[in-house]
Amino acid sequence: MVSKPSTELSSWLINQIKSLELTRKRMENLHSNGTIFRRDLEHVYEGIFLKAVTSFESFLENLFIGLLYEKYKLSSRKNVKRVNFINRKITVEIILSGKSYVDWLPYNNVEDRAEIFFKEGLPFAIVDSSDKDILTQITTIRNAIAHKSPHSQNKFKTQVINNTRGLPPENATPAGYLRYVFRTTPNQTKFENYMIGLATIAGKIASYN
């Protein structure tokens, strides 16, 4: 089997994010001209954010598994693997170890898993503390959207909202926070900032050399 460059996966993720960003902009325009209500727009924000996080998790899973059975190959000449598998089926069976699925976020799940299968956990260990902070926030917001439990809502409040100075009350919900324009000239929403973060992190991992 001829290995594909690992950057194909990060490019795929970037294209997914670009598509979601186009949707976001179209919906904002519809809201601006009064075609849709704010609550409709906020539902869209929640949906496309969940889609983006799911796509990032797919990136992590496909790269992790694909590297182990050489469907994908890093540009690095270093051997980063501790073990090699012959196909995806066997690789997945070993990683699952009898479970029906494994979580790829929070990111420490990936780091712990990478320590077992890759030398020094690379390329997944290349993610630095600032990147991990972004992924922690993203995971917290994802959980607050997907699970309406008091625990997930409290974590969103303490780990995200309370750390954002000058946040207007109407932006104190997950969707409202994602719409929050925290930077001007040019304007940038928290959603855009997180999408840039996901694309950048994926690029770092897939481009390891």
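Count residues from 1 along the sequence.
Under the 4.5 Å side-chain heavy-atom criterion for grouping Ile, Leu, Val, Met, Phe, Trp and Tyr, Ile90 is connected to Leu96 within one hydrophobic cluster. Residues Ile205 and Ile116 share a hydrophobic cluster, clusters being chains of Ile/Leu/Val/Met/Phe/Trp/Tyr side chains in contact below 4.5 Å. Linking Ile, Leu, Val, Met, Phe, Trp and Tyr whenever their side-chain heavy atoms come within less than 4.5 Å leaves Ile196 and Ile134 in two separate clusters. Residue Val83 is grouped with residue Ile65 when hydrophobic side chains (ILVMFWY) are merged at heavy-atom distances under 4.5 angstrom, including chains of intermediate members. Linking Ile, Leu, Val, Met, Phe, Trp and Tyr whenever their side-chain heavy atoms come within less than 4.5 Å puts Val102 and Phe85 in one cluster.
In this structure, the separation between NZ on Lys132 and CD on Glu111 is 3.5 Å, given to the nearest 0.5 Å. Taking NZ of Lys157 as the reference point, atom OG1 of Thr140 lies at 15.0 Å (rounded to 0.5 Å). Atoms NZ and CG, on Lys18 and Leu13 in that order, are 11.0 Å from each other to the nearest 0.5 Å. Atom CD1 of Ile17 sits about 11.0 Å away from atom CD1 of Ile48, to the nearest 0.5 Å. Atoms CZ and NZ, on Phe182 and Lys190 in that order, are 5.0 Å from each other to the nearest 0.5 Å. Here the NZ-CD distance, from Lys99 to Glu93, works out to 15.5 Å after rounding to the nearest 0.5 Å.
Judged by distance alone, the side chain of Ser207 and the main-chain N or O of Lys204 form no donor-acceptor pair under 3.5 Å. A donor-acceptor contact shorter than 3.5 Å is absent between the side chain of Ser19 and the backbone of Asn15. Not a single donor-acceptor pair under 3.5 Å links the side chain of Asp40 to the backbone N or O of Ile36. Looking at Thr139, its side chain never comes within 3.5 Å of a backbone N or O of Leu105 through a donor-acceptor pair. A donor-acceptor contact shorter than 3.5 Å links the side chain of Ser149 to the backbone of Ser152. Judged by distance alone, with hydrogens and angles left aside, the side-chain atoms of Arg82 form a donor-acceptor pair with the main-chain N or O of Glu115 at under 3.5 Å. At distances below 3.5 Å, not a single donor-acceptor pair connects side-chain atoms of Asn109 with backbone N or O atoms of Trp104.
In this structure, Thr173 and Gly176 approach most closely via the heavy-atom pair OG1-N, 3.0 Å. When all heavy atoms of Ile126 and Leu122 are compared, the pair lying nearest together is N-CD2, 4.1 Å. Annotation for Thr158 and Asn163: closest pair O-ND2, 3.7 Å, computed over non-hydrogen atoms. Among all heavy-atom pairs drawn from Leu50 and Ala146, the shortest one is CD2-CB, 4.5 Å. Residue Phe59 comes nearest to Ala202 through the heavy atom pair CZ-O, 3.5 Å, listed as atom of the first residue, atom of the second, then distance. Pairing each heavy atom of Ala52 with each of Met195, the nearest pair is CB-SD, 3.5 Å.
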Evaluate the side-chain contact (heavy atoms from CB on, under 4.5 Å) criterion for residues Arg26 and Leu22: first the C-alpha distance (whole Å), next the side-chain angles of each, then the deciding distance (0.1 Å), finally the verdict. CA-CA 6 Å; Arg26 284 195 295 266; Leu22 288 174; 3.8 Å; yes
Check the pair Phe117, Ile95 against side-chain contact (heavy atoms from CB on, under 4.5 Å), reporting the backbone distance first and the verdict last. CA-CA 9 Å; Phe117 293 98; Ile95 290 175; 4.1 Å; yes
From CA spacing to verdict: salt bridge (Lys or Arg N to Asp or Glu O under 4.0 Å), Lys81, Glu70: CA-CA 10 Å; Lys81 293 180 290 184; Glu70 297 187 346; 3.1 Å; yes
Verdict with reasoning, Met27 to Leu41, per side-chain contact (heavy atoms from CB on, under 4.5 Å): CA-CA 6 Å; Met27 295 302 105; Leu41 179 60; 3.5 Å; yes
Show the numbers, then the answer: is there a side-chain contact (heavy atoms from CB on, under 4.5 Å) between Asp128 and Asp131? CA-CA 5 Å; Asp128 60 30; Asp131 292 333; 3.2 Å; yes
Start with the C-alpha gap between Lys25 and Glu192, add the side-chain angles, then the distance that decides, and say whether salt bridge (Lys or Arg N to Asp or Glu O under 4.0 Å) holds. CA-CA 10 Å; Lys25 287 181 176 179; Glu192 291 173 281; 5.4 Å; no
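When side chains are defined from C-beta on, Phe56 does not count as touching Gln16, because their heavy atoms never get closer than 4.5 Å. In this structure, His31 and Arg38 have side chains that are in contact, with non-hydrogen atoms separated by less than 4.5 Å. Side-chain contact between Phe156 and Ile145 is absent, with no heavy atoms from C-beta onward closer than 4.5 Å. Between Arg179 and Thr189, every side-chain heavy-atom pair lies at or beyond the 4.5 Å cut-off. For the pair Tyr107/Leu60, a side-chain contact is recorded, criterion being any heavy-atom separation below 4.5 Å from C-beta on. Within the 4.5 Å cutoff, the side chain of His151 has heavy atoms near those of the Lys155 side chain. Looking at Leu20 and Phe49, their side chains never come closer than 4.5 Å, going by heavy atoms from C-beta outward. Between Ser55 and Leu198 there is no side-chain heavy-atom pair separated by less than 4.5 Å.
Comment: Lys71 does not engage Glu8 in a salt bridge, judged by the lack of any side-chain N to carboxylate O separation of less than 4.0 angstrom. Ionic pairing of Glu21 and Arg24 is present here: one or more N-O contacts between side-chain nitrogen and carboxylate oxygen are shorter than 4.0 angstrom.
Under 3.5 Å, the side chains of Thr7 and Ser10 contain no donor-acceptor pair of N or O atoms. Side chains of Ser6 and Tyr208: no donor on one and acceptor on the other come within 3.5 Å. Looking at Tyr45 and Glu28, their side chains do bring a donor and an acceptor atom within 3.5 Å of each other. A side-chain N or O of Tyr194 and one of Gln137 form a donor-acceptor pair less than 3.5 Å apart.
At most 12 heavy atoms of other shown residues, nucleotides or ligands fall within 6.0 angstrom of atom NZ in Lys89. Within a 6.0 Å radius of CD in Glu120, other residues, nucleotides and ligands contribute 12 heavy atoms or fewer.
Side-chain rings of Phe191 and Tyr177 stay apart, their centers remaining 6.0 Å or farther from each other.
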